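Below you'll find the structure, written out as structure tokens, and then a few comments.
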2 protein chains.
Amino acid sequence: MIAEKVSEKTIRRLSHYARCLRLAKLKGESIVTSRQLASNCGISSAAVRRDLSIYGEFGKQGSGYNVDDLLVNLEKILGTTDPPPVIIIGAGSIGCALMVSGLNGTGGYSYEAIFDIDPGKIGKLCGESPIRSAEEIHGVIKDNHEVIAVIAVTRGAGQAALDLLIQAGCKAVLSFTLEPLKVPEDIEVRYVEVSTELDVLTHSMRRKERDPAMPKWSHS
Amino acid sequence: MIAEKVSEKTIRRLSHYARCLRLAKLKGESIVTSRQLASNCGISSAAVRRDLSIYGEFGKQGSGYNVDDLLVNLEKILGTTDPPPVIIIGAGSIGCALMVSGLNGTGGYSYEAIFDIDPGKIGKLCGESPIRSAEEIHGVIKDNHEVIAVIAVTRGAGQAALDLLIQAGCKAVLSFTLEPLKVPEDIEVRYVEVSTELDVLTHSMRRKERDPAMPKWSHS
DNA sequence: TTGTGATTGTGAATACTATCACAAATCAGA
DNA sequence: TCTGATTTGTGATAGTATTCACAATCACAA
């Protein structure tokens, strides 16, 4: 079955499945069932089978899915067989932390370069990488057309950073800023919203205090 | 209308609305319409009105919503009028970056303390905060019952960190680790999944290359 | 007072997502 | 080969979420 319309939710889960499969591979497992994947990802086995069946029949009735094969197929679907390079805009504490640690091993992605507009920072080192001038972004994206940019600038500078990236031809952005950004139709921007996650946790914690019997969420 | 069952999606959006309202307040605006909120959050105005109407009738027909009043009400609903303190587990690059920068101003939350198990790190400074021994977590949570813990440990140490927190009585956790964690029913854990976000971006970018006419997602 | 234009809150309709439940297929062991 | 225990893939169903569209309401000006 060829995928026509696939929801973002499904794509997110495919990413989770791929991560679980890499883990299973490390542990030397060669077969997984939908139930195992489901349990590791905290969802139902039917959802796993439904997600995978959108793209093909990867499983074998009676046994399950071959770990290596399914992983190869998922990476093909996601496009992560050969992951694009990642560049970081903003050499503040978060930008540098990402550059140095790769956020504790973000499967397959490599952080290629880090940029800042502050002349005082340019040339200094972030781990082993020199901080480069924001003016160089254009050239780097030209040389290396498929790039994901991470925006990790200080508050208020997000839109300027994004505009610079768009002008340089960048098509995919992950933003750590909280500002509502003006984004053209052909650019994909995703957000890491730590403060929203904290709000959701606060809400849940304080609601439970008021009524401990309440379930976590209405839909689960 | 009293809220009986509210989805997590709605709560996330309430957090977005609150952020927009704080911005509007800074700009000196005293009234916002559902259309303005919607445009800033990238959704439809009907969705905004629906979300807000779950909890009450905050708007005025013909004009819109009073910025101050709505913000107060949203913070009451979210429980963020007086936000809980946040502690950080793991004084690696991300943990320290969070501690130092507060992730570029995460509205209202204060990062109270940072912990690590590495004896070589304990006592050293992370910005102005001394890195404390993980053994002290228990005492800190006892003193300050409502706490959100952020897990920012190295790969593989996530479950140990979580178990420690649970034992100390922590009920709300935000994890930057990618491992599938075993979580008791009464603990709320949320994840910041940078590598999944990158996967989604990669998928979207590479699918567009193959078929530029395709819309971003099936449901929008 | 009356009219005009704007905006909310919500019933109804639509669109989307998750779950159920089972036929078909596979495996392993006797 | 046959039998029983598994597990997939999917039609049908149930459950959620979003959008449409409009009566009710409000602000304001003439």
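Quick note on labels: first sequence line is chain A, next is B, and so on, each numbered from 1. Please read these numbers as outputs of a predicted model, since none were measured by experiment.
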Atom [atom1] of [X] and atom [atom2] of [N]: how far apart are they, to the nearest Å?
X     : N      : atom1 : atom2 : result
B/R35 : C/dT8  : CZ    : C1'   : 12 Å
A/K9  : D/dT16 : NZ    : P     : 12 Å
B/L52 : C/dT7  : CG    : P     : 15 Å
B/I11 : D/dT16 : CD1   : C1'   : 15 Å
B/R13 : D/dT16 : CZ    : C1'   : 11 Å
A/L37 : D/dT8  : CG    : C1'   : 13 Å
B/I54 : C/dG11 : CD1   : P     : 13 Å
A/K60 : C/dC27 : NZ    : P     : 5 Å

Measure the spacing between [atom1] of [X] and [atom2] of [Y] and express it to the nearest 0.5 Å.
X      : Y      : atom1 : atom2 : answer
A/E193 : B/S15  : CD    : OG    : 7.0 Å
A/H203 : A/K208 : NE2   : NZ    : 10.5 Å
B/D199 : B/E197 : CG    : CD    : 9.5 Å
B/I137 : B/L165 : CD1   : CG    : 5.5 Å

Inset, instruction - Could you let me know what D/dA30 is paired to, Watson-Crick or G-U wobble, both distances under 3.5 Å, or none if it's on its own? - result: C/dT1

Legend entry - Pair B/K171 + B/E146, salt bridge at N-O below 4.0 Å: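 No salt bridge links B/K171 with B/E146.
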
Legend entry - Near-strand residues of residues 40-50 of chain A, defined as heavy-atom separation under 4.0 angstrom from DNA chain D: A/R49, A/R50

Inset, instruction - Pull out every residue in residues 64-79 of chain B that has a heavy atom closer than 4.0 Å to any atom of DNA chain D, ordered by number, or say none. - result: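 The stretch gives none, as no residue of it lies under 4.0 Å from the strand.
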
Legend entry - Between A/S7 and A/R12, a side-chain donor and acceptor under 3.5 Å: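 The criterion, which ignores hydrogens and geometry beyond distance, is not satisfied for A/R12 and A/S7.
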
Please write out the pairs of protein N or O atoms and N or O atoms of nucleotides 1-6 of chain C separated by less than 3.5 Å, giving the distance to one decimal.
none

With side chains defined as the heavy atoms from C-beta onward, is the minimum distance between [X] and [Y] less than 4.5 Å?
X      : Y      : value
B/I141 : B/I87  : yes
A/L52  : A/Y17  : yes
B/F176 : B/V150 : yes
A/P84  : A/V147 : no

Legend entry - Side-chain (B/T80) to main-chain (B/P83) donor-acceptor, under 3.5 angstrom: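 Not confirmed, B/T80 side chain does not pair with B/P83 backbone.
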
Inset, instruction - Verify the contact: side-chain N or O of B/S34 to OP1 or OP2 of C/dT8, cut-off strictly under 4.0 Å; return yes or no. - result: yes

Inset, instruction - Output, in order, the C-alpha distance, side-chain angles, deciding distance and verdict of side chain to side chain contact (heavy atoms under 4.5 Å, CB included) for B/I31 and B/V67. - result: CA-CA 5 Å; B/I31 303 274; B/V67 170; 5.5 Å; no

Inset, instruction - Please work out which residues in residues 16-26 of chain A have a non-hydrogen atom less than 4.0 Å from an atom of DNA chain C and list them by number. - result: none

Inset, instruction - Could you list all the salt bridge (charged side-chain N to carboxylate O under 4.0 Å, His left out) pairs where at least one residue sits in residues 71-90 of chain B, not counting sequence neighbours? - result: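 Qualifying pairs: B/R22-B/E75.
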
Identify all side-chain donor-acceptor contacts of residues 36-48 of chain A below 3.5 Å with residues at least two apart in sequence or on another chain.
unit_1, atom_1, unit_2, atom_2, d
A/Q36, OE1, A/T33, N, 2.9
A/Q36, OE1, A/T33, OG1, 3.4
A/S44, OG, A/A47, N, 3.2
A/S45, OG, A/R49, NH1, 3.2

